[in-house]
Amino acid sequence: MLFFSFFKTLTNQVVTIELKNDIRIRGVLKSVDQYLNIKLDEVDVLDLDKYPHLSSVKNMFIRGSVVRYVVLPRSEVDVGLLEDATRREAANQVSKAR
Amino acid sequence: MERLSINDPPPGPQHGNNAQQGQQGQQPPQVGVSQGPPQLPPQMFTTAAQLLDLTDKKLVLVLRDGRKLIGVLRSWDQFANLVLQDTIERLYAGNLYADIPRGIFLVRGENVLLLGEIDLDKEDDIPAHLQKAPFQEVFDLKKKEDNERKRSDKKRNNQLQGLGFEAEHSGEILF
């Protein structure tokens with residue numbers, strides 16, 4: 001749930017998403033759900049010549065399971081806070097497992 | 001179903017607090033009226049909210065096996081199982097493409113790669129290097145391309161495995 005909440009804080013930021021089939025898409029992050037499905041607005045497909053079927057697409061829904069990377073704007077991420085949160089989450093998981 | 005967008009404020013009586021009701025005399029008193037089911041928050045971070053915006057729009061659906069389907073999204077559920085109407089399948093190979101009329105599709109969610117809303121103003125601006133060609137010609141060319149790609153992907157995966165890398169998406173080839 002942590003990364004779901006994390007991505008929610010990044011809505012309306014410009015992100016670049018690389019899919020497992022190597023397509024890279026830049027766009028405004030509009031929404032995310034519990035599966036980390038992502039909704040992008042004002043999309044801009046890098047290397048569009050290779051993917052002509054995306055030439056007239058203005059916004060898209062990407063299934064979370066096919067995402068390889070999400071490239072985030074550095075200024076919008078509080079790395080220290082995220083580190084703390086992940087460690088706390090990991091500690092919770094451990095204590096829950098016991 | 002009422003057509004909500006995720007930007008809409010939640011409807012219903014919860015929107016204002018009860019103190020305001022005294023000032024707005026024309027509103028009927030809400031005493032004793034049940035609040036009904038909980039209203040959705042203005043930004044619904046759910047699969048349903050994301051797909052609701054795309055309903056009844058012309059979309060391009062890319063499947064895990066590389067197929068590109070163009071149709072109107074009519075129905076869906078929380079797993080992103082989809083129903084598309086008036087669908088055509090568009091084949092691309094080299095700088096050729098072909099359309100095949102297909103009809104209604106019910107797609108199981110796990111096969112969905114992405115779903116893009118087509119900008120109707122731009123939909124006819126087909127990239128200059130692309131040409132429409134007869135189905136059979138495109139199909140044969142595509143088959144050849146796919147076989148080549150399969151071979152080179154297999155070779156690359158084998159090499160990677162030799163170096164100790166596990167093949168991504170368990171060796172399944174995504175397009």
Side-chain angles (χ1 to χ4, degrees), chain A residues 1-13 15-71, chain B residues 6-7 43-54 57-64 66-70 73 76 78-80 82 90-97 109-130 153 168-169 172-175:
Chain A
M1 265 341 224
L2 192 146
F3 280 89
F4 173 39
S5 308
F6 172 64
F7 278 117
K8 280 202 279 190
T9 68
L10 287 167
T11 47
N12 293 320
Q13 301 296 334
V15 297
T16 306
I17 294 186
E18 182 174 317
L19 306 186
K20 288 183 188 169
N21 61 358
D22 298 333
I23 300 184
R24 282 184 299 161
I25 304 152
R26 186 169 51 217
V28 180
L29 183 71
K30 274 295 160 193
S31 177
V32 62
D33 67 17
Q34 55 169 332
Y35 308 108
L36 305 188
N37 296 331
I38 284 171
K39 195 104 186 264
L40 281 187
D41 223 341
E42 297 162 43
V43 296
D44 182 16
V45 179
L46 291 87
D47 214 353
L48 189 61
D49 290 352
K50 268 165 71 184
Y51 314 106
H53 56 286
L54 298 176
S55 61
S56 55
V57 170
K58 55 179 175 183
N59 62 59
M60 58 171 78
F61 167 86
I62 301 170
R63 199 173 148 97
S65 61
V66 301
V67 173
R68 185 187 288 146
Y69 301 126
V70 182
V71 184
Chain B
I6 54 171
N7 302 317
Q43 271 277 15
M44 301 183 291
F45 291 100
T46 59
T47 319
Q50 296 180 353
L51 289 171
L52 194 58
D53 281 4
L54 298 175
K57 302 268 169 60
K58 191 169 181 181
L59 305 170
V60 54
L61 168 63
V62 185
L63 298 183
R64 245 171 13 159
R67 280 178 214 231
K68 284 97 190 171
L69 304 175
I70 299 172
L73 180 65
W76 43 265
Q78 71 269 35
F79 307 112
L82 308 170
R90 190 162 281 179
L91 290 178
Y92 291 91
N95 49 13
L96 303 176
Y97 76 94
E110 62 179 325
N111 300 302
V112 174
L113 211 139
L114 66 84
L115 202 54
E117 184 184 344
I118 292 176
D119 191 338
L120 294 174
D121 297 330
K122 285 197 214 154
E123 99 170 285
D124 296 324
D125 305 348
I126 287 162
H129 64 279
L130 278 182
D153 278 1
E168 204 172 12
H169 31 90
E172 178 200 17
I173 292 151
L174 285 159
F175 289 90

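Only this structure's heavy atoms are used, side chains among them; waters, hydrogens and symmetry mates stay out. Every chain is numbered from 1 and lettered A, B, ... according to where its sequence line falls, protein lines coming before strand lines. Keep in mind that this is a model prediction, so the values were computed, not measured.
- Formation of a donor-acceptor pair under 3.5 Å by the A:Arg63 side chain with backbone atoms of B:Ala80 is not found in this model.
- For A:Leu48, no part sits under 4.5 Å from any heavy atom of chain B, backbone or side chain.
- B:Gln50 and A:Ser31 share a donor-acceptor pair across their side chains, judged by distance under 3.5 Å alone.
- Here the closest heavy-atom approach between residue B:Leu130 and residue A:Pro52 is recorded as CD1-CB, 3.4 Å.
- Of the two parts of A:Phe7, neither the backbone nor the side chain holds a non-hydrogen atom closer than 4.5 Å to a non-hydrogen atom of chain B.
- Here the closest non-hydrogen pair linking A:Phe61 and B:Thr47 is CZ-CG2, 4.2 Å.
- Closest of all the heavy-atom pairs between A:Asp49 and B:His129 is O-NE2, 4.0 Å.
- Using a 4.5 Å cut-off between heavy atoms, B:Ile118 contacts chain A through both its backbone and its side chain.
- For chain B, no part of A:Tyr51 is nearby; none of its heavy atoms comes within less than 4.5 Å.
- Between A:Phe4 and B:Phe45, the two ring planes are perpendicular [angle over 60°; tilted spans 30° to 60°].
- Only one option out of B:Val62, B:Val112, B:Leu113, B:Leu114 pairs with A:Ile62 in a side chain to side chain contact (heavy atoms under 4.5 Å, CB included); it is B:Leu114.
- Interface remark: A:Ile38 contributes backbone atoms only to the contact with chain B (heavy atom separation under 4.5 Å).
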